[in-house]
Amino acid sequence: MSRLTRTASALAVAAAVVAAPVVGATGAWAAEAPAAQTQAAQGAVAVAPGNKVTHLAATQDNLDGWIREALAVMAKHDIPGTYEGIHRNVMRESSGNPLAINDWDINAINGIPSKGLLQVIDPTFDAYHVEGTEPSPFDPVANIVAACNYAADRYGSIDNVNGPY
């Protein structure tokens, strides 16, 4: 899936997004703003101060595509992990919201909130980012690949992660 396709996919689902915390996530959600709630109610992308998009729903189709694209990148870089291990951790960490931000844990309190599908903090994302993926923890494929690279280094594989990591 190309960057253009990924962006188009993300924009296509954005209109269906409601400005509300991620349901089912373990405390990870995107911050809400009153303007964002109004825009979301009108079918627009939810926007917080600073014009940052804060809510983007993942459909099963695009989440599947992001995971499969990440697995292809991981295979090229010998990063272990399976679809099932990635999907399980994505659902626990962000409920599939690539723009999820954890604004309550110790990392957030220290000014480095966890971000994206697999809730990676910026220093970890930067250290485990894989060349050839986007340099943003909010990019679904880059987030998955960096998190799986970190999990491989720390736990042997994302498949071995069964709770917050």
Side-chain angles (χ1 to χ4, degrees), residues 1-17 19 21-22 25-33 36 39-40 44-59 61-77 79 81 83 85-87 89-105 107-154 158 161 164-165:
M1 185 181 298
S2 72
R3 182 181 337 163
L4 179 60
T5 305
R6 202 165 43 242
T7 300
S9 173
L11 292 175
V13 297
V17 176
V22 176
T26 56
W29 61 84
E32 291 183 54
Q39 290 172 352
V45 175
V47 179
N51 295 322
K52 292 184 179 179
V53 176
T54 59
H55 290 85
L56 180 64
T59 66
D61 289 341
N62 62 20
L63 180 57
D64 177 72
W66 295 330
I67 293 172
R68 292 187 187 287
E69 186 175 347
L71 285 167
V73 173
M74 290 164 57
K76 290 179 187 175
H77 294 274
I79 300 169
Y83 184 100
I86 294 169
H87 189 270
N89 282 284
V90 163
M91 296 314 291
R92 184 190 64 251
E93 293 293 333
S94 69
S95 293
N97 180 353
L99 301 176
I101 300 173
N102 181 319
D103 67 354
W104 64 268
D105 73 1
N107 291 319
I109 291 167
N110 289 332
I112 50 169
S114 304
K115 301 173 182 174
L117 288 173
L118 285 167
Q119 293 294 283
V120 180
I121 60 173
D122 286 340
T124 301
F125 179 84
D126 293 342
Y128 289 91
H129 175 257
V130 173
E131 191 70 32
T133 64
E134 292 297 312
S136 169
F138 292 110
D139 180 84
V141 173
N143 185 280
I144 292 169
V145 174
C148 288
N149 196 18
Y150 166 76
D153 187 46
R154 183 99 189 247
I158 192 73
V161 178
Y165 56 107

Visitor: Roughly how far, to the nearest 0.5 Å, is the CD1 atom of Ile112 from the CG atom of Asn107?
Guide: 5.0 Å
Visitor: Ignoring hydrogens and angles, write down the donor-acceptor pairs under 3.5 Å from the side chains of residues 140-151, residues two or more places apart or on other chains.
Guide:
unit_1, atom_1, unit_2, atom_2, d
Asn143, OD1, Leu118, N, 2.8
Asn143, ND2, Lys115, O, 3.0
Asn143, ND2, Pro137, O, 2.8
Asn149, ND2, Tyr128, O, 3.0
Tyr150, OH, Arg154, NH1, 2.7

Visitor: How close do Glu131 and His77 get, heavy atom to heavy atom, and via which atoms?
Guide: O-NE2, 3.8 Å
Visitor: Do you know the tightest heavy-atom contact between Ile79 and Ala152?
Guide: CG2-CB, 4.4 Å
Visitor: In Å and rounded to the nearest 0.5 Å, what is the CD to NE2 distance from Glu134 to His129?
Guide: 7.5 Å
Visitor: At what distance, to the nearest 0.5 angstrom, does CG of Leu63 lie from CZ of Arg68?
Guide: 10.5 Å
Visitor: Any side-chain heavy atom of Lys76 within less than 4.5 Å of one from Val73?
Guide: no
Visitor: State the CG-CH2 distance between Asp139 and Trp66, to the nearest 0.5 angstrom.
Guide: 9.0 Å
Visitor: Show the numbers, then the answer: is there a side-chain contact (heavy atoms from CB on, under 4.5 Å) between Met74 and Ile86?
Guide: CA-CA 12 Å; Met74 290 164 57; Ile86 294 169; 4.0 Å; yes
Visitor: Is there a donor-acceptor contact under 3.5 Å from the side chain of Gln119 to the main chain of Pro113?
Guide: no
Visitor: Once side chain to side chain donor-acceptor pair (under 3.5 Å) is applied, do any residues pair with Thr124, and if so which ones, sequence neighbours excluded?
Guide: none
Visitor: Quick one: does Pro98's side chain get under 4.5 Å of Phe138's, heavy atoms only?
Guide: no
Visitor: Checking side chain to side chain contact (heavy atoms under 4.5 Å, CB included) against Ser114, which of Asp103, Asn102, Val120 comes through?
Guide: Asn102
